[in-house]
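Step one of this worksheet: look at the structure below.
Order of the sequence lines sets the chain letters (A, B, ...), proteins ahead of strands, with each chain counted from 1.
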Amino acid sequence: MQEFPGLRILQQPFGETLFSFLCSTAKQISQIKQCCLEVANRLGEDLGCGNYAWPGWDAIAEAGEDLLRECRLGYRSRYIWKVAKILSKDQEFELRLASEGYPQAKATLMQLPGVGAKVADCVLLFGCGRLEAFPVDTWITKVMARRYNLGGWDTAKVVQFGQVHFGSAAGLAQQFLFASERAH
DNA sequence: GTCCAGGTTAAAA
DNA sequence: TTTTAACATGGA
C-alpha cells in the first residue's frame with residue numbers, strides 16, 4: 001500500500017466492464033486494449049478528439065460475430081456476440097444482478113457464455129462494486145505462490161484463501177498484489 | 001520454431 | 001470428479 005498510494009478500484013460501467021473482460025481471456029493486456037479500441041472505433045459514438053464510446057450490446061449484437069473477428073478477438077468473438085444478443089434482449093439483467101448476494105451474482109454471471117470464475121469476479125469487482133470479489137489470474141497465482149506459499153493450490157482454493165484472509169475488501173487487496181507483482 | 005498471454009469450455013480419462 | 005486439449009492471435 002505504501003508502494004502504490006494512489007491505487008483505487010474504479011466504478012466502471014457494467015456492460016463495458018463485462019465486454020472488456022470477455023475480451024481479456026488468455027490475451028496480453030496491450031492486445032486487450034487494442035481490441036476494445038478497435039470495436040469502439042468501428043461501432044461506437046464519436047466523442048471527438050479521436051475518441052469513441054463503447055458501442056453497447058445492441059450495436060454489437062447487430063454487427064455480428066465476423067466484425068468481432070476482424071477486431072482480432074478470435075475464438076472470443078462467438079461468446080461476446082452471444083452475450084450481446086442475450087443482454088440486448090434483457091435490459092433488467094444488471095438490475096437483477098444487483099439484488100443478488102455475491103455467491104448468487106457470481107453464479108448468474110457464469111451462466112453467460114465465455115464467463116468463468118475469473119471474468120465473473122472481475123466484473124463484480126470493477127463493474128458492480130463488490131469489494132469481496134477476489135479475481136485470480138496468472139499474476140495473482142504467481143504472487144500468492146511466492147508471497148503466501150500457495151504454490152500448487154487449486155485456483156478456487158486461492159480465491160477462497162484471499163476472501164477469508166482479506167475479508168470484505170479482498171478485491172482491493174488483490175489490486176495491490178497485482179500491481180506489485182506486475183511492477184517487479 | 002516454441003512458448004505464453006489479466007481463461008473458458010467440452011471432451012476424455 | 002479431475003485432467004487435457006482446443007480455441008485465435010501476436011509478441012517475447
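- When the C1' atom is compared between C:dG11 and B:dT8, the two are found 22 Å apart, to the nearest whole Å.
- Side-chain contact, A:S20 with A:E16: no donor N or O sits under 3.5 Å from an acceptor N or O.
- Looking at A:C35 and A:K27, their side chains come closer than 4.5 Å, going by heavy atoms from C-beta outward.
- Rounded to a whole angstrom, the distance from the C1' atom of B:dG6 to that of C:dT2 is 25 Å.
- With a heavy-atom cut-off of 4.0 Å to chain A, the contacted part of DNA chain B has its first and last nucleotide at B:dA5 to B:dT9.
- Taking the side chain as every heavy atom from C-beta outward, A:E181 and A:R146 approach each other to under 4.5 Å.
- Near-neighbour residues of DNA chain B inside residues 126-147 of chain A, defined by a heavy atom below 4.0 Å, number-ordered: A:D137, A:T138, A:W139, A:K142.
- With sequence neighbours left out, A:Q175 forms a side-chain hydrogen bond (donor to acceptor under 3.5 Å, both in side chains) with no residue at all.
- Across the P atoms, B:dT9 and C:dG10 are found 23 Å apart, a figure rounded to whole Å.
- In summary, of the residues considered (A:L95, A:V123, A:L124), a side chain to side chain contact (heavy atoms under 4.5 Å, CB included) with A:F14 occurs for A:V123 alone.
- Hydrophobic clustering, defined by side-chain heavy atoms of Ile, Leu, Val, Met, Phe, Trp and Tyr closer than 4.5 Å, groups A:V143 together with A:I29, A:F134, A:V136, A:W139, A:I140, A:M144, A:Y148, A:L150, A:W153, A:V158, A:V159, A:F161, A:F166, A:L177, A:F178.
- If you chain together ILVMFWY residues whose side-chain heavy atoms come under 4.5 Å of each other, A:Y75 ends up grouped with A:Y79.
- Heavy-atom neighbours of A:N149 CG from other residues, nucleotides or ligands within 6.0 Å: at or below the threshold of 12.
- A heavy-atom distance below 4.5 Å is found between the side chains of A:V83 and A:P113.
- Residues passing the side-chain hydrogen bond (donor to acceptor under 3.5 Å, both in side chains) test with A:E132, sequence neighbours excluded: none.
- The shortest non-hydrogen separation linking A:I9 to A:G171 is CD1-O, 3.8 Å.
- The hydrophobic side chain of A:I32 is isolated, with no ILVMFWY side chain under 4.5 Å apart from it.
- With contacts defined as side-chain heavy-atom distances shorter than 4.5 Å, the pair A:R76/A:S24 does not qualify.
- In terms of modelled atom types and a separation under 3.5 Å, the side chain of A:N51 and the main chain of A:L47 share no donor-acceptor contact.
- The stretch residues 106-121 of chain A has no heavy atom under 4.0 angstrom from DNA chain C at all.
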Identify each donor-acceptor pair in which a side-chain atom of residues 56-69 of chain A lies under 3.5 Å from a protein atom, sequence neighbours left out, and give them as a table.
from	atom 1	to	atom 2	distance (Å)
A:E65	OE2	A:R69	NE	3.2
A:E65	OE2	A:R69	NH2	3.0
A:R69	NH1	A:G74	O	3.3

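- Only A:Y75, A:Y79, listed by number, bring a heavy atom of residues 72-85 of chain A to less than 4.0 angstrom from any atom of DNA chain B.
- Between A:R130 and A:D121, none of the side-chain N atoms (NZ, or NE/NH1/NH2) sits under 4.0 Å from a carboxylate O, so this pair counts as no salt bridge.
- Counting heavy atoms from C-beta outward, A:R42 and A:Y52 have side chains that stay 4.5 Å or more apart.
- Take the nearest nucleotide of DNA chain C for A:T25 and for A:S30: the residue whose nucleotide is more 5' is A:T25.
- Put simply, the side chain of A:L112 does not reach to within 4.5 Å of the side chain of A:V119, judged on heavy atoms.
- Of all nucleotides in DNA chain C having an atom under 4.0 Å from a heavy atom of chain A, the first and last in 5' to 3' order are C:dC7 to C:dG11.
- Contacts of residues 152-178 of chain A with DNA chain B (heavy atom under 4.0 Å): A:Q174, A:F178.
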